[in-house]
Amino acid sequence: MMKYWLMKNEPEAFSIDDLAKVKTEPWDGIRNYQARNFMRDDMSMGDKAFFYHSSCKAPGIVGMMEIASKAYADHTAFDPNEHYYDPKSKPDNPTWIMVDVKFISKLDAPITLQALRQYPQVSGMRLLQKGNRLSITPVEKKHWDFIHTLM
DNA sequence: GCCAACGTTGGC
DNA sequence: GCCAACGTTGGC
């Protein structure tokens, strides 16, 4: 059964345009257990995800991508020179993992957070819940489908 | 840059 | 195992 996701990233670090260029990219740097568990336990190859730009002028959904690998060790956790280095993650038993994502499309016009908040049809989305900070959240099919009607 | 809301850490 | 202090996220 295909699942749907929303994955946040700061466009200054890696944007939808960057993904459009490289086509496939490891989604590294996740250092939150809930987000990790989603990748480890619930994501499958072929799942679809919204690419969301956060911490920017107009936060919102900017494109779509496909999960292109199973979860595997996030090697950036092993390297002391990396920003996301975490000494408690060991190569033989990695704490942190990542998946590859594949570019599907960039939206002609982003669907901003501000716009999403206007629609009661998506008011239940985790993204819109107060205090939500998770960078990876599941998206219900009904929400996924409704957002497509906005494109 | 501010700050609310979380998540994590570490002393006890 | 509790919880205060600290760190991070992310919208505004």
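Below, chains carry the letters A, B, ... as their sequence lines are ordered, and counting in each starts from 1.
For the side chain to side chain donor-acceptor pair (under 3.5 Å) test, no residue two or more places apart in sequence or in another chain qualifies with A/Asp42. In this view, A/Pro94 and A/Ala73, A/Phe78, A/Ser89 satisfy the side-chain contact (heavy atoms from CB on, under 4.5 Å) rule, not counting sequence neighbours. Take A/Thr137 and apply the side chain to side chain donor-acceptor pair (under 3.5 Å) test, not counting sequence neighbours, and it matches no residue. For A/His83, the side-chain contact (heavy atoms from CB on, under 4.5 Å) criterion is met by no residue, not counting sequence neighbours.
Terminal axes of the helix from B/dG1-C/dC12 to B/dC12-C/dG1 (five pairs each, C1' rotation axis) are separated by 10°, to the nearest 10°.
Residue pairs meeting the side-chain hydrogen bond (donor to acceptor under 3.5 Å, both in side chains) criterion with at least one member in residues 47-70 of chain A, sequence neighbours excluded, are A/Trp5-A/Asp47. Judged as a side-chain hydrogen bond (donor to acceptor under 3.5 Å, both in side chains), not a single pair has a partner in residues 107-136 of chain A (not counting sequence neighbours).
In this structure, the CG atom of A/Leu116 is 12 Å from the P atom of C/dC12, given to the nearest Å.
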Quiz: residues 142-151 of chain A side-chain donor-acceptor pairs under 3.5 angstrom, not counting sequence neighbours:
{"residue": "A/Asp145", "atom": "OD2", "partner": "A/Lys141", "partner atom": "NZ", "Å": "2.7"}
{"residue": "A/His148", "atom": "ND1", "partner": "A/Trp144", "partner atom": "O", "Å": "2.8"}
{"residue": "A/Thr149", "atom": "OG1", "partner": "A/Phe146", "partner atom": "O", "Å": "2.5"}

Once each nucleotide of nucleotides 2-9 of chain B is scored for protein heavy atoms under 4.0 Å, what B/S/- sequence comes out, 5' to 3'? ---BBSSS

For A/Met65 and A/Trp27, what are the C-alpha separation, side-chain angles and deciding distance, and is it a side chain to side chain contact (heavy atoms under 4.5 Å, CB included)? CA-CA 11 Å; A/Met65 53 198 180; A/Trp27 199 265; 3.6 Å; yes

